[in-house]
A.B. asks: 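Pasting in a structure now, in structure tokens, and then I'll have a few things to ask.
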Amino acid sequence: MSAAALEALEEAERAFNAAMVSNDPTQIAACITEDWVLVTPERGPIPAQAILSAIGSGVLSHDTMTKTT
């Protein structure tokens, strides 16, 4: 992977993480596609609209987003 491609990927990750911590569904939606799905061990696949609705209603919120390698 080229350095430019890696930097673009890392920037997309930073934008997504910032959007999630903002708890703003509009900002989050700008970082994902309509067919984006969150997969969790507890509930399996969860469609983007369900996550955005939960965040918008305050049922789900994020204080931090961290990356581990």
A.B. asks: Can you list every pair that meets salt bridge (charged side-chain N to carboxylate O under 4.0 Å, His left out) and has a residue in residues 55-69, with sequence neighbours left out?
C.D. replies: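 Qualifying pairs, neighbours excluded: Glu13-Lys67.
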A.B. asks: Could you note down all residue pairs passing side chain to side chain donor-acceptor pair (under 3.5 Å) where residues 46-59 supplies at least one of them, sequence neighbours left out?
C.D. replies: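 Listed once each, the pairs are Gln49-Ser53.
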A.B. asks: Might you point out which heavy atoms bring Ala19 and Cys31 nearest each other, and give the distance in Å?
C.D. replies: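 Closest heavy-atom pair between Ala19 and Cys31: CB-SG, 3.9 Å.
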A.B. asks: With salt bridge (charged side-chain N to carboxylate O under 4.0 Å, His left out) as the rule and sequence neighbours excluded, what pairs involving residues 40-57 come up?
C.D. replies: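 Output for this query is empty, none listed.
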A.B. asks: Taking side chain to side chain donor-acceptor pair (under 3.5 Å) as the test, write out the residues that go with Thr66, two or more places apart.
C.D. replies: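 Counting only residues at least two positions away or on another chain, Thr66 forms no side chain to side chain donor-acceptor pair (under 3.5 Å).
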A.B. asks: Could you list all the salt bridge (charged side-chain N to carboxylate O under 4.0 Å, His left out) pairs where at least one residue sits in residues 20-34, not counting sequence neighbours?
C.D. replies: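 Qualifying pairs, neighbours excluded: none.
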A.B. asks: Could you list all the side chain to side chain donor-acceptor pair (under 3.5 Å) pairs where at least one residue sits in residues 1-12, not counting sequence neighbours?
C.D. replies: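 Residue pairs with at least one partner in residues 1-12: Glu7-Arg14, Glu11-Arg14.
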A.B. asks: Run through the side-chain heavy atoms of Ile, Leu, Val, Met, Phe, Trp and Tyr, join any pair under 4.5 Å, and report what else lands in Met1's cluster.
C.D. replies: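 Besides Met1, the cluster holds Leu6, Leu9.
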A.B. asks: Remaining members of Ile55's ILVMFWY cluster at a side-chain heavy-atom cut-off under 4.5 Å?
C.D. replies: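 Cluster partners of Ile55: Phe16, Met20, Val21, Ile28, Ile32, Trp36, Leu38, Ile46, Ile51, Leu52, Leu60, Met65.
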A.B. asks: Output the rest of the hydrophobic cluster of Val39: all Ile, Leu, Val, Met, Phe, Trp and Tyr residues reachable through side-chain heavy-atom contacts under 4.5 Å, sorted by chain and number.
C.D. replies: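 Val37, which link up through side-chain heavy atoms under 4.5 Å apart, make up the rest of the cluster.
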